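This structure is a prediction, so every number in the text was calculated from the model and none was measured. So that the names make sense, note that chain A is the first sequence line, chain B the second, and so on, each numbered from 1.
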Protein chains: 2
Amino acid sequence: METLNAAELLAALGHESRLSIFRLLVEAGTEGLFPSVIGEKLGLPAPTLSFHLSHLTRVGLIRGQKESRFIRYSAEYATMDELIAFLTSNCCQGEACLPKTSACDTVAKRRKLGDDTSSC
Amino acid sequence: METLNAAELLAALGHESRLSIFRLLVEAGTEGLFPSVIGEKLGLPAPTLSFHLSHLTRVGLIRGQKESRFIRYSAEYATMDELIAFLTSNCCQGEACLPKTSACDTVAKRRKLGDDTSSC
DNA sequence: TTTATATTTCTATAATACTTGAACTATGGA
DNA sequence: TCCATAGTTCAAGTATTATAGAAATATAAA
């Protein structure tokens, strides 16, 4: 991941509403959530929520799938994995802080759940 | 770490110049770097650089120590550790993605280098 | 077909953040 | 003391982002 791309992801998460939205979706798992539920939980007006959802979607941190009148939003775990890998890659004077196996174990765990979109 | 605080850190890193500055300092280790060196490497005018350095300092991601006419800036690894812990804490449907031991090993490693400011 | 619901897009406004020349402060050397 | 250097702060302009009411779209239910 390049610095510019990482900065984009970090900026997307660097807003209280968007970070809250993203965390709700991470907790919700592959089932995801509908905007109405998110808006209810966070007390956000629909247009404001829509604005943030489209921002998070644009940078690839979440994804929306249409289901009749609803749109099911869910977290893109692979993007988050890559971001965390980027953030830890140059830590501790060039040695990786977290062994690669940890990140890959995480991916492997999700792979069993049928949610593998990672290149790990 | 609370959401608001995490969002502040993420927003600080969510700018290409600041992310580059931070990564330079992470790579530089405890020795840190002087603004003149950073400005040279990244091609930033002094006031612009100063603006970003003070932003990163304010949120606690870096620290500046005066040394005669110079100011030695260095990364605050503990803050970054906490941020990464926050980002991974609700991952994978509530189970921590990365075993706690990994994060703590990292802290232990730095503790040996005399740079322990973490609560891990 | 009318109505209700979920969500988005449009629009305007408000707020915040970024950039950088110029001026300033602090320190060390001549 | 005078000058040079490192870095910051000031000030003003520019750009970007966030907010939310109103209008639009799409689907489903009555």
Side-chain angles (χ1 to χ4, degrees), chain A residues 3-25 28 31-76, chain B residues 3-25 28 31-76:
Chain A
T3 306
L4 179 58
N5 188 219
E8 243 174 34
L9 296 177
L10 290 163
L13 294 173
H15 183 283
E16 206 185 355
S17 299
R18 280 193 299 267
L19 184 55
S20 299
I21 292 167
F22 181 72
R23 280 171 73 82
L24 280 181
L25 291 177
E31 200 186 325
L33 292 171
F34 299 125
S36 54
V37 176
I38 300 172
E40 171 75 20
K41 290 201 188 210
L42 301 180
L44 292 174
T48 303
L49 176 60
S50 188
F51 171 83
H52 292 308
L53 286 171
S54 89
H55 188 157
L56 287 167
T57 303
R58 176 161 36 81
V59 301
L61 278 164
I62 68 174
R63 156 188 33 174
Q65 175 97 21
K66 200 155 193 209
E67 284 184 22
S68 88
R69 263 187 303 179
F70 307 83
I71 301 178
R72 184 184 298 276
Y73 280 97
S74 54
E76 287 280 20
Chain B
T3 307
L4 179 58
N5 188 218
E8 244 174 34
L9 296 178
L10 290 163
L13 294 174
H15 183 283
E16 206 185 355
S17 299
R18 281 194 299 268
L19 184 55
S20 300
I21 292 167
F22 182 71
R23 281 172 72 83
L24 279 181
L25 291 177
E31 199 185 328
L33 292 171
F34 299 124
S36 54
V37 176
I38 300 171
E40 171 74 19
K41 288 201 188 210
L42 300 180
L44 293 173
T48 304
L49 176 60
S50 189
F51 171 84
H52 292 308
L53 286 172
S54 89
H55 188 157
L56 288 167
T57 303
R58 176 163 34 82
V59 301
L61 279 164
I62 68 174
R63 156 187 35 173
Q65 173 95 22
K66 199 154 194 212
E67 284 185 21
S68 90
R69 264 186 303 179
F70 308 83
I71 301 178
R72 184 184 298 274
Y73 281 96
S74 53
E76 287 278 19

Notebook entry, point to check: Whole-Å distance between D/dG21 P and A/L49 CG?
Noted result: 14 Å
Next item on the list: Nearest whole angstrom, please: distance from the P of D/dA12 to the CZ of B/F51.
Entry: 17 Å
Notebook entry, point to check: Taking only N and O in the side chain of A/T48, is any of them less than 4.0 Å away from OP1 or OP2 of D/dT19?
Noted result: no
Check: Would you say D/dT8 has OP1 or OP2 under 4.0 Å from some side-chain N or O of B/Y73?
Finding: yes
Next item on the list: Rounded to the nearest angstrom, tell me the gap between atom CG in B/L53 and atom P in C/dC18.
Entry: 13 Å
Next item on the list: Using atom CG of B/L42 as one end and atom P of C/dC18 as the other, report the distance to the nearest whole Å.
Entry: 16 Å
Notebook entry, point to check: What is the minimum heavy-atom distance between A/E31 and A/R72, and which atoms define it?
Noted result: O-NH1, 2.6 Å
Notebook entry, point to check: Rounded to whole angstrom units, what separation is found between the CD1 atom of A/I21 and the P atom of D/dA18?
Noted result: 11 Å
Check: CZ of A/R72 versus C1' of C/dT7: gap in Å, rounded?
Finding: 15 Å
Margin query: Is there a side-chain contact (heavy atoms from CB on, under 4.5 Å) between A/R63 and A/T57? Walk through the geometry before answering.
Written below: CA-CA 6 Å; A/R63 156 188 33 174; A/T57 303; 5.8 Å; no
Check: How far apart are the closest heavy atoms of A/S20 and B/T3, and which atoms are they?
Finding: OG-CG2, 3.7 Å
Check: Do A/L13 and A/L9 have side chains that get closer than 4.5 Å, going by heavy atoms?
Finding: no
Margin query: As a test of reading the structure: which of D/dA6, D/dA26, D/dG7 is closest to the side chain of A/R69, going by heavy atoms?
Written below: D/dA26
Item checked: Five-pair end axes of the helix from C/dT1-D/dA30 to C/dA30-D/dT1 and the angle they enclose, rounded to 10° -> 10°
Next item on the list: Return yes when atom CD of B/E67 has more than 12 non-hydrogen atoms of other residues, nucleotides or ligands closer than 6.0 Å, and no otherwise.
Entry: yes
Margin query: I need the CG-C1' distance between B/L56 and C/dC18, as an integer number of Å.
Written below: 14 Å
Notebook entry, point to check: Of the residues in residues 6-20 of chain A, which ones touch DNA chain C at a heavy-atom distance under 4.0 Å?
Noted result: none
Next item on the list: Grab the CG-C1' distance between A/L44 and D/dA18 for me, whole Å please.
Entry: 12 Å
Checklist line | Nearest-nucleotide comparison on DNA chain D, the residue closer to the 5′ end among A/P47 and B/F34 | finding: B/F34
Next item on the list: Please name the pair of heavy atoms, one in A/S17 and one in A/L42, separated by the smallest distance, quoted to 0.1 Å.
Entry: O-CD1, 4.2 Å
Checklist line | Residue of the set A/S36, A/P35, A/S54 for which side chain to side chain contact (heavy atoms under 4.5 Å, CB included) holds with A/L49 | finding: A/P35
Notebook entry, point to check: How close do A/I38 and A/L53 get, heavy atom to heavy atom, and via which atoms?
Noted result: CD1-CD2, 4.4 Å
Next item on the list: Would you name the heavy atoms of B/A11 and A/G14 that are closest together and state the gap between them?
Entry: CB-O, 3.3 Å
Next item on the list: Check whether any side-chain nitrogen or oxygen of A/H52 sits under 4.0 Å from OP1 or OP2 of D/dT17, and answer yes or no.
Entry: no
Check: Phosphate oxygens OP1/OP2 of D/dT27: is one of them under 4.0 Å from a side-chain N or O of A/S68?
Finding: no
Checklist line | Atom of B/I71, atom of B/F34 and distance for their closest heavy-atom approach | finding: O-CD2, 3.2 Å
Checklist line | Residue-phosphate contact under 4.0 Å: B/S36 side-chain N/O, D/dT5 OP1/OP2 | finding: no
Next item on the list: Map A/F70 and B/P45 onto DNA chain C by nearest heavy atom, then report which one ends up closer to the 5' terminus.
Entry: A/F70
